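One structure below.
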Amino acid sequence: IILIFFIHTFFMILMVFYGSMNPGDSNFYWNSVDNFDFENLLSSGFMKLVLFFLKKIINISYTNLMFLINFFGTLGILFFLDLIKSKLQNKKIIVYFIISLPSLYLWTNTFIKESFLLPLIFIFLWFLDRKDKYYIFPILILIIIFFIRPYLGLIISLPYFFNFYYRSKYKLTLIIPLLMILSLILFILIQFFSLHALNFSFNIFS
């Protein structure tokens with residue numbers, strides 16, 4: 001745990017220096033919340049709302065914001081390693097895994113959507129592996145993922161609802177609600193991609 005934290009913190013320092021020379025989305029979000037003017041509460045609007053709360057209400061500094069994201073990213077990686085370690089015969093592979101994925105540390109060390117999405121997905125998978133013990137937490141995580149990236153939240157929801165239905169003892173009762181939920185998800189996805197994708201087509205090769 002200490003090794004992961006220090007490696008992650010090292011990459012946080014790199015990202016701070018890199019962001020100071022090459023401003024990116026993190027810098028954009030930081031400067032864009034000075035005026036509370038959000039078009040919606042999805043995607044970038046949600047990120048701005050979170051940052052507005054941290055920056056304007058709690059008065060967090062940029063440095064402490066980076067440390068907060070660094071901690072959350074480290075937590076996500078720890079959840080993922082705890083998920084896979086019981087499935088590995090050779091535990092040493094975890095050490096190689098830690099050292100050989102610098103991009104993972106970079107992408108969870110700045111205020112962008114992926115810095116939240118990756119740890120959330122890792123934690124989501126960890127909860128799913130615990131079967132029915134924590135059924136409410138995966139749903140809450142899916143809702144947060146939806147607010148960060150709506151299409152990704154919907155895509156991840158599909159296998160989750162199928163899995164929930166498959167393990168249920170009341171399949172006949174749940175079939176109609178399941179079909180309604182899946183139809184709604186597919187409809188929203190089609191609308192989203194038709195608006196945001198160029199030359200959207202049902203052709204799989206497109």
Side-chain angles (χ1 to χ4, degrees), residues 4-33 38-55 60-84 94 97-129 137-160 185 188-189 192-193 195-198:
I4 294 172
F5 176 75
F6 276 105
I7 294 177
H8 207 259
T9 304
F10 169 75
F11 279 99
M12 179 202 72
I13 297 171
L14 290 182
M15 285 302 294
V16 169
F17 278 105
Y18 179 81
S20 64
M21 295 181 292
N22 300 277
D25 287 351
S26 183
N27 308 74
F28 166 76
Y29 285 129
W30 180 259
N31 296 321
S32 65
V33 298
F38 305 147
E39 296 178 0
N40 56 67
L41 295 179
L42 295 177
S43 194
S44 294
F46 180 77
M47 296 291 292
K48 292 178 183 178
L49 180 64
V50 172
L51 186 56
F52 179 85
F53 175 78
L54 294 173
K55 183 179 180 181
I60 194 172
S61 66
Y62 186 79
T63 305
N64 285 332
L65 175 68
M66 292 299 104
F67 271 111
L68 185 65
I69 297 170
N70 173 57
F71 175 78
F72 185 61
T74 303
L75 192 66
I77 293 173
L78 291 175
F79 267 89
F80 183 67
L81 292 178
D82 188 65
L83 172 67
I84 66 172
I94 294 181
F97 175 88
I98 293 170
I99 298 173
S100 64
L101 285 180
S103 59
L104 179 63
Y105 298 102
L106 289 174
W107 283 107
T108 53
N109 256 319
T110 185
F111 193 86
I112 57 176
K113 295 166 189 167
E114 286 70 20
S115 296
F116 291 87
L117 288 172
L118 286 173
L120 283 172
I121 291 174
F122 292 155
I123 297 172
F124 174 78
L125 294 173
W126 186 89
F127 277 122
L128 286 189
D129 192 56
F137 290 106
I139 296 177
L140 293 176
I141 293 174
L142 280 177
I143 293 173
I144 298 174
I145 291 175
F146 173 80
F147 275 101
I148 299 175
R149 283 203 186 277
Y151 69 91
L152 184 60
L154 292 173
I155 290 173
I156 296 176
S157 297
L158 286 171
Y160 176 76
I185 290 175
I188 296 174
L189 282 174
F192 178 85
F193 286 120
L195 292 173
H196 296 278
L198 298 176

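None of the values given here were measured: they were computed from a predicted structure.
- Side-chain contact between Ile148 and Leu42 is absent, with no heavy atoms from C-beta onward closer than 4.5 Å.
- Proximity of the aromatic rings of Phe5 and Phe71 is defined here by a centroid distance below 6.0 angstrom, and this criterion is not met.
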Stepwise side chain to side chain contact (heavy atoms under 4.5 Å, CB included) test for Ile69 and Thr108:
CA-CA 7 Å; Ile69 297 170; Thr108 53; 5.9 Å; no
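- Residues Ile144 and Leu140 fail the side-chain proximity criterion, which asks for heavy atoms closer than 4.5 Å.
- Scanning both residues, Pro138 and Tyr160, for their nearest heavy atoms gives CB-CE1, 3.9 Å.
- Leu14 CG to Thr9 OG1: the interatomic distance, rounded to the nearest 0.5 Å, is 11.0 Å.
- Here CD1 of Ile112 is found 6.5 Å from CE of Met15. Values are rounded to the nearest 0.5 Å.
- Phe72 is listed as a side-chain neighbour of Ile123, based on a closest heavy-atom distance under 4.5 Å.
- Interatomic distance, Ile156 CD1 to Leu117 CG, rounded to the nearest 0.5 Å: 7.5 Å.
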From CA spacing to verdict: side chain to side chain contact (heavy atoms under 4.5 Å, CB included), Lys55, Lys48:
CA-CA 10 Å; Lys55 183 179 180 181; Lys48 292 178 183 178; over 6 Å; no
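- Residues Asn64 and Leu68 form no side-chain contact, since every pair of their non-hydrogen atoms from C-beta on lies 4.5 Å or further apart.
- Two residues are said to be in side-chain contact when any heavy atoms from C-beta on lie closer than 4.5 Å; Tyr29 and Lys113 meet this criterion.
- With hydrogens and angles disregarded, no donor-acceptor distance shorter than 3.5 Å links the side chain of Asn109 to the backbone of Gly73.
- The backbone N or O of Leu125 lies less than 3.5 Å from no partner atom in the side chain of Asp129, so there is not a single donor-acceptor pair.
- In this structure, the side chains of Ile121 and Leu152 come closer than 4.5 Å at one or more pairs of heavy atoms.
- Under the 3.5 Å distance criterion, the side-chain polar atoms of Asn70 are left unmatched by any main-chain donor or acceptor of Met66.
- For the side chain to side chain contact (heavy atoms under 4.5 Å, CB included) test with Trp126, the passing option among Leu83, Ile141, Leu81 is Leu83; the others fail.
- For the pair Leu75 and Pro119, the minimum side-chain heavy-atom distance is 4.5 Å or more.
- Side-chain rings of Phe79 and Phe122 stay apart, their centers remaining 6.0 Å or farther from each other.
- Here the two rings, on Trp30 and Tyr62, have centers that are under 6.0 Å apart.
- Put simply, OG on Ser44 and CG on Leu49 are 12.5 Å apart, with the number rounded to the nearest 0.5 Å.
- Tyr18 and Thr110 form no side-chain donor-acceptor contact under 3.5 Å, judged by distance and modelled atom types alone.
- Of the possible donor and acceptor atoms, one in the side chain of Ser26 sits under 3.5 Å from a partner among the backbone N and O of Phe111.
- Residues Ile4 and Leu78 meet the side-chain proximity criterion, which asks for heavy atoms closer than 4.5 Å.
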